[in-house]
Peer 1: 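Handing you this structure, nothing more for now.
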Amino acid sequence: MSERLKVGILGGTGMVGQRFISILADHPWFEVTTIAASPRSAGKTYEEAVGGRWKMTTPMPDAVKDIVVMNVNDVKAVADTVDLVFSAVDMTKDEIRAIEEEYAKCEIPVVSNNSAHRWTPDVPMIIPEINPEHIEIIGEQRKRLGTKRGFIAVKPNCSIQSYTPALAAWREYDPVEVVATTYQAISGAGKTFRDWPEMEGNIIPYIGGEEEKSEQEPLRIFGSIKNGQIVKASKPVITCQCIRVPVLNGHTAAVFVRFASKPSREELIEKLVTFSGEPQRLNLPSAPKQFIRYMEEDDRPQITLDVDYENGMGISIGRLREDTVYDYKFVGLSHNTLRGAAGGAVLCAELLHAKGFI
């Protein structure tokens, strides 16, 4: 590209907004030119607005420090400065739905990290390697919104990224039942150990709303477009428990699967390591070269060793073995704030740009 697209970050002072800013610092296609946040941050430079709340391990990029934060509610003013926005606003679901549609109606593509529009029938929820065809629903959404360029696309919940890619790689073997337990990092709640010291050495066996998302969102990913909307798949049946654990970054899943057919372990591993999609074919900037890797060691994947695989955009699977109740069981690992949040949204935007939607 000869000129980078101008990008706005909605909710840019929060943890996910900070992650967007960090990973876009040297992006070849996108340049952060606008940051919008709550009225209390508006009018301050980004460095002043964030203050001592910068939560990334890398320094705040110099290019954004002096950007004057805009009021996220001044939709027209923000929209006039950008080519697209990434949404990480911290509002109620109803407020998020409304403001994201406002931006879209200002002819701005909105790629959202939020859950508010994940079940809007004509809004695609995308893992780019798995269901890129769902972006075709944007035509129907634009008709509803009355837009030519504006639309909303979303990425799914961070917790499903550690096991849904494996299920996608195995779809020809027809997985029919899945039992998953996810062990989720504190950054998924927008926290660090400095913010949440009571999580040190602790486990909390409840994360509000996560279990329903973890059971239902893969079915929408596996769904199809019918009569102008995305209809979720009927299988596999998934049941899930979600547990918060004292880890900063990285969601781990322990998963049991029953198949309609009976693949061998070798066949399942081959499907994992050869699985790829449009991001790899198109060589998108944020795409992992190998989406899923299989690890033979008994004690892998591990957070400390493996969470940053493929710059945090790859999925690590290990301990695949036959089970005495189900057919197979395995352990998966994904980076929740990269593949599972901001990085996944950036990859989605890259796909949309490569396909001509942005």
Side-chain angles (χ1 to χ4, degrees), residues 1-37 41-42 44-70 72 78-79 81-90 103 108-114 128 153 155 158 161 185 187-188 190 192 194 248-250 279 282-289 307-314 334-354 358:
M1 292 180 61
S2 59
E3 188 173 337
R4 293 192 291 173
L5 296 176
K6 295 177 180 179
V7 169
I9 310 296
L10 310 181
T13 58
M15 182 178 247
V16 176
Q18 292 177 23
R19 179 67 78 179
F20 273 120
I21 286 166
S22 294
I23 64 180
L24 289 169
D26 298 306
H27 197 280
W29 295 2
F30 306 140
E31 178 185 6
V32 176
T33 60
T34 300
I35 301 170
S41 295
K44 301 176 183 177
T45 67
Y46 184 67
E47 188 172 32
E48 290 169 345
V50 172
R53 296 180 295 109
W54 182 255
K55 298 182 179 183
M56 301 297 103
T57 55
T58 55
M60 181 185 293
D62 289 336
V64 302
K65 289 181 178 179
D66 294 327
I67 292 177
V68 176
V69 177
M70 299 183 73
V72 73
V78 174
T81 69
V82 295
D83 298 307
L84 73 148
V85 296
F86 291 103
S87 176
V89 291
D90 183 14
Y103 276 94
I108 297 299
V110 178
V111 181
S112 181
N113 183 74
N114 297 303
K155 51 146 287 295
C158 53
Q161 314 273 345
S187 58
T192 66
R194 184 178 64 183
L248 179 60
N249 293 311
L282 295 168
N283 196 28
L284 299 178
S286 299
K289 293 293 184 273
V307 75
D308 292 320
Y309 168 62
E310 291 277 19
N311 297 314
M313 293 297 288
S334 60
H335 196 303
N336 57 294
T337 67
L338 288 171
R339 168 57 76 163
V346 170
L347 184 61
C348 178
E350 292 170 1
L351 174 70
L352 290 160
H353 182 55
I358 297 177

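Keep in mind that what you see is a predicted model, and the values were worked out from it rather than measured.
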Peer 1: Hey, can you tell me if F30 and H27 have their rings parallel, tilted or perpendicular (30° and 60° cut-offs)?
Peer 2: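 Parallel.
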
Peer 1: For T57, what residues pass the side chain to side chain contact (heavy atoms under 4.5 Å, CB included) criterion, not counting sequence neighbours?
Peer 2: none

Peer 1: Establish, from distance only, whether the side-chain atoms of T34 and T81 form a donor-acceptor pair under 3.5 Å.
Peer 2: yes

Peer 1: Is any side-chain heavy atom of E350 closer than 4.5 Å to a side-chain heavy atom of L282?
Peer 2: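 No. Closest side-chain heavy atoms not under 4.5 Å.
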
Peer 1: Tell me if a side-chain donor or acceptor on K155 pairs with a main-chain N or O of G340 at a distance below 3.5 Å.
Peer 2: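 At least one qualifying donor-acceptor pair exists.
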
Peer 1: Considering only heavy atoms from C-beta outward, does the side chain of V78 approach that of L10 to under 4.5 Å?
Peer 2: yes

Peer 1: Is it true that a side-chain atom of N336 and a backbone atom of G250 form a donor plus acceptor pair closer than 3.5 Å?
Peer 2: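 Yes, N336 side chain to G250 backbone: donor-acceptor pair under 3.5 Å.
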
Peer 1: Taking C-beta and beyond as the side chain, do L352 and L84 meet within less than 4.5 Å on heavy atoms?
Peer 2: no

Peer 1: Can you pull the salt bridge (Lys or Arg N to Asp or Glu O under 4.0 Å) pairs that have at least one residue in residues 11-21, sequence neighbours excluded?
Peer 2: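 The answer is none; no pair qualifies.
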
Peer 1: Return yes if some donor-acceptor pair links the side-chain N/O of Q18 with the main-chain N/O of K55 below 3.5 Å, else return no.
Peer 2: yes

Peer 1: Between the main-chain N or O of G12 and the side-chain N or O of Y46, is there a donor-acceptor pair closer than 3.5 Å?
Peer 2: yes

Peer 1: Are the side chains of I67 and K44 in contact, using a 4.5 Å heavy-atom criterion?
Peer 2: no

Peer 1: Measuring from F86:CZ to I21:CD1, what's the distance to the nearest 0.5 Å?
Peer 2: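 Here the interatomic distance stands at 11.5 Å.
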
Peer 1: Would you confirm whether E310, through its side chain, and K289, through its main-chain N or O, come within 3.5 Å as a donor-acceptor pair?
Peer 2: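 Checked: pair present.
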
Peer 1: Within the 4.5 Å heavy-atom criterion, are R339 and L347 side-chain neighbours or not?
Peer 2: yes

Peer 1: Quick one: does F20's side chain get under 4.5 Å of V111's, heavy atoms only?
Peer 2: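 Not touching, per the 4.5 Å side-chain cut-off.
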
Peer 1: Evaluate whether atom NZ of K65 has more than 12 neighbouring non-hydrogen atoms of other residues, nucleotides or ligands under 6.0 angstrom away.
Peer 2: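 Count over threshold, so yes.
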
Peer 1: When you measure from the side chain of S187 to the backbone of L248, do you find a donor-acceptor pair of N or O atoms at a distance under 3.5 Å?
Peer 2: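 Yes: the side chain of S187 pairs with the backbone of L248.
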
Peer 1: Just wondering, more than 12 heavy atoms not from D90 lying within 6.0 Å of its CG?
Peer 2: no

Peer 1: Kindly indicate whether the side chain of T337, heavy atoms from C-beta on, has any atom under 4.5 Å from the side chain of V16.
Peer 2: no

Peer 1: Do W29 and V7 come close enough that some side-chain heavy atom pair is under 4.5 Å?
Peer 2: no

Peer 1: Flag yes if more than 12 heavy atoms outside K6 fall under 6.0 Å of its NZ atom; otherwise flag no.
Peer 2: no

Peer 1: Quick check against the 3.5 Å criterion: does H353 have a side-chain atom that pairs as donor or acceptor with the backbone of I358?
Peer 2: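 Here the side-chain-to-backbone pair exists.
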
